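To keep things clear, I will list the structure first and then write my remarks on it.
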Amino acid sequence: MIKLKSVPNDIAIIQAYMPITQANDGEVEEIYEKIEELISLTNSKENLIIMGDWNAIVGENIDGREVGKYGLGTRNERGDRLVEFCRQHDLIITNTLFMNHKRRRYTFKMPGADIDSDHNLVMIKSLLKFKKLERPKNKGHDWNLCQLKQPEIRKLFEKKMQRKT
């Protein structure tokens, strides 16, 4: 995990690599526990990004807020676990939100590549845009406090205030 100072909120990035598909469930759960420990070191104001190789398939169907409609394949058990994890921590599997061609929805490639890896390099260019927080409005009241200097308006105001108390 790294934390980056940023305005208006800091960013926490966790890079995770899940065990291979043949690994037992205990190994997978151990990694999830370590990620949860790292999440506990962040605060709610930080933007949290968790990325990496989850060795999971979440499928092509929308599922709540967590999974968009541009996934790939049929969800497997690891995909179920990933979606459950995302629900617990209010996270979104963002690569399922973008309409890429199916061959661009995965990084795994078949053996025979001329590099010492069975995955494609993935890069991200990100621009975080924060929503503008609106201040509460005065609910349609136009307050003109200068009018309170006029005796008749001041008396009306005082009567209304006495009724409310």
Side-chain angles (χ1 to χ4, degrees), residues 1-140:
M1 177 172 76
I2 63 168
K3 289 191 176 191
L4 304 172
K5 290 285 184 195
S6 180
V7 174
N9 300 70
D10 292 344
I11 301 171
I13 300 174
I14 299 172
Q15 179 71 37
Y17 288 97
M18 285 295 173
I20 60 172
T21 309
Q22 293 79 14
N24 66 49
D25 291 341
E27 290 178 77
V28 173
E29 286 306 312
E30 188 178 322
I31 300 296
Y32 273 108
E33 288 171 12
K34 289 178 180 178
I35 294 170
E36 287 180 344
E37 285 177 32
L38 292 172
I39 290 172
S40 72
L41 300 175
T42 65
N43 68 53
S44 61
K45 293 182 182 178
E46 291 175 334
N47 290 307
L48 176 61
I49 299 170
I50 304 176
M51 59 186 183
D53 185 350
W54 294 83
N55 284 314
I57 300 172
V58 295
E60 296 184 22
N61 299 322
I62 294 175
D63 188 356
R65 255 185 94 236
E66 299 78 21
V67 182
K69 63 181 179 180
Y70 301 109
L72 188 66
T74 304
R75 184 174 299 169
N76 62 10
E77 285 183 32
R78 294 268 186 102
D80 286 335
R81 180 63 178 100
L82 176 56
V83 172
E84 175 190 329
F85 176 79
C86 290
R87 283 197 180 116
Q88 288 172 344
H89 297 285
D90 196 24
L91 300 170
I92 298 170
I93 303 169
T94 56
N95 65 332
T96 63
L97 302 177
F98 302 103
M99 189 175 71
N100 290 315
H101 190 279
K102 287 191 177 193
R103 74 176 174 266
R104 301 271 186 220
R105 296 182 194 178
Y106 60 90
T107 59
F108 183 80
K109 61 185 177 187
M110 302 309 261
D114 57 356
I115 59 171
D116 191 23
S117 176
D118 58 356
H119 285 74
N120 288 315
L121 177 64
V122 177
M123 295 174 56
I124 183 173
K125 183 176 184 179
S126 177
L127 174 64
L128 295 176
K129 199 170 191 180
F130 298 97
K131 67 180 181 180
K132 184 177 180 182
L133 295 176
E134 293 186 24
R135 296 177 186 221
K137 297 194 167 65
N138 63 5
K139 298 183 183 178

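Numbers for residues simply follow the sequence, beginning at 1. Small disclaimer: the values here were computed from a predicted structure and weren't measured.
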Could you list all the ring-ring contact (aromatic ring centres under 6.0 Å, His included) pairs where at least one residue sits in residues 4-43, not counting sequence neighbours?
Y32-W54, Y32-F85
Once salt bridge (charged side-chain N to carboxylate O under 4.0 Å, His left out) is applied, what residue pairs with a partner in residues 2-21 remain, sequence neighbours excluded?
K3-E46, K5-D10
Measuring only between side-chain heavy atoms, which start at C-beta, is C86 closer than 4.5 Å to I93?
yes
Would you give the length of the straight line joining atom CG of L97 to atom CD of E66, rounded to the nearest 0.5 angstrom?
11.0 Å
Test of understanding: with side-chain hydrogen bond (donor to acceptor under 3.5 Å, both in side chains), list the residues that count as partners of N43, not counting sequence neighbours.
none
Whether the side chain of T96 engages the backbone of G71 through a donor-acceptor N/O pair (distance < 3.5 Å, no angle test) should be reported.
no
To the nearest 0.5 Å, how far apart are CD1 in I13 and CG in L38?
13.0 Å
Should E60 and R75 count as an ion pair when the cut-off is N to O under 4.0 Å?
no
Quick one: closest heavy-atom pair of I35 and I14, and the distance?
O-CD1, 4.4 Å
How long is the span from the CG atom in L48 to the CE atom in M1, to the nearest 0.5 Å?
8.5 Å
CG-CD distance between D53 and Q15, expressed to the nearest 0.5 angstrom
9.0 Å
For E36, give me all partners under side-chain hydrogen bond (donor to acceptor under 3.5 Å, both in side chains), at least two apart in sequence or on another chain.
H89
Charged N-O contact under 4.0 Å between E77 and R81
no
Under the rule for salt bridge (charged side-chain N to carboxylate O under 4.0 Å, His left out), what residues qualify as partners of R78, not counting sequence neighbours?
none
Where do N9 and S6 come nearest, in terms of heavy atoms and distance?
O-CB, 3.0 Å
Residues at least two apart in sequence or cross-chain that pass side-chain hydrogen bond (donor to acceptor under 3.5 Å, both in side chains) with R65, listed by chain then number, are D90
Go through L91 and I50 one step at a time and tell me if the side-chain contact (heavy atoms from CB on, under 4.5 Å) criterion holds.
CA-CA 9 Å; L91 300 170; I50 304 176; 3.7 Å; yes
Heavy-atom distance under 4.5 Å between the side chains of I31 and V28, does that happen here?
no
